[in-house]
Amino acid sequence: MGCDIHCYVAKRVKDNNGYHYEAAPIYRKQRKNWLDDDSEMVYNLCDIDVGRDYQLFGVLAGVRYLGLEQIADARGFDEFCPEEIRAQYEEFSVDYHDVSFYNMNEIKEAIKDKKRYPKWNTYDTEDEDGNLVEVKDKNDPGPHQSLKWFYKHVMEFANQAWYYVEPEDVRVYFWFDN
């Protein structure tokens with residue numbers, strides 16, 4: 001059984017009371033009960049499909065890929081999380097775990113940290129003298145590549161929702177299920 005991530009994007013918006021976050025206004029039509037083919041069709045907030053990149057899951061939340069330092073411990077929902085996003089979580093929350101969020105600037109900073117999140121995965125082997133050496137595997141992209149792809153994917157989704165938005169104004173909320 002695999003693990004999936006559910007990602008939702010929100011944008012910071014200035015109002016009379018300061019700031020709040022709004023969920024990306026992109027919806028998709030789907031069955032209300034996805035296990036029942038006869039269930040009525042409804043429109044739900046659209047999440048981002050980032051696939052099953054366990055290396056990314058490990059960096060974001062320490063899920064399914066140990067040995068990598070995660071950017072930050074799971075934070076849960078903050079007071080700014082839009083109700084539409086919380087509602088998506090509440091529907092099946094019994095199966096969900098490791099709820100968290102990041103501002104896209106945090107992801108951008110993590111991408112720059114190539115020591116913590118290398119471009120290529122490495123493995124240990126012996127050289128011709130029997131010494132243990134670390135080798136970069138150019139056929140095995142490291143967590144840096146996963147973070148870069150995630151950043152690009154989330155920002156493209158945000159710019160599709162709002163035409164143009166700065167990374168510091170974009171927040172991604174996510175959780176996992178098994």
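Note that this is a predicted model, so its numbers are computed, not measured. No hydrogens, no waters, no symmetry mates; every other heavy atom, side chains included, goes into these values.
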Would you verify whether the NZ or CZ of R12 falls within 45 degrees of the ring axis of Y19 while also being under 6.0 Å from that six-membered ring's centre?
yes
In terms of side-chain heavy atoms, does D78 have a donor or acceptor partner in Y21 at a distance below 3.5 Å?
no
State, without any angle test, whether H97 and D177 hold a side-chain donor-acceptor pair at a distance under 3.5 Å.
no
Does some side-chain heavy atom of [Y] sit less than 4.5 Å from a side-chain heavy atom of [X]?
X    : Y    : answer
V50  : F157 : no
N105 : R171 : no
L60  : I107 : yes

Salt-bridged, E156 to K152, with N to O below 4.0 Å?
yes
Presence of salt bridge, K11 and E22, under 4.0 angstrom
no
If you count heavy atoms of other groups shown closer than 6.0 angstrom to CG of D49, is the number above 12?
no
What is the minimum heavy-atom distance between [X] and [Y], and which atoms define it?
X    : Y    : value
R116 : Q70  : NH2-O, 2.8 Å
A24  : A161 : CB-CB, 3.9 Å
S100 : D73  : OG-O, 4.1 Å

With a 6.0 Å cut-off on ring centres, are F101 and W175 close enough?
no
Checking ring pair (Phe, Tyr, Trp, His ring centres under 6.0 Å) against F176, which of Y54, Y89, F57 comes through?
F57
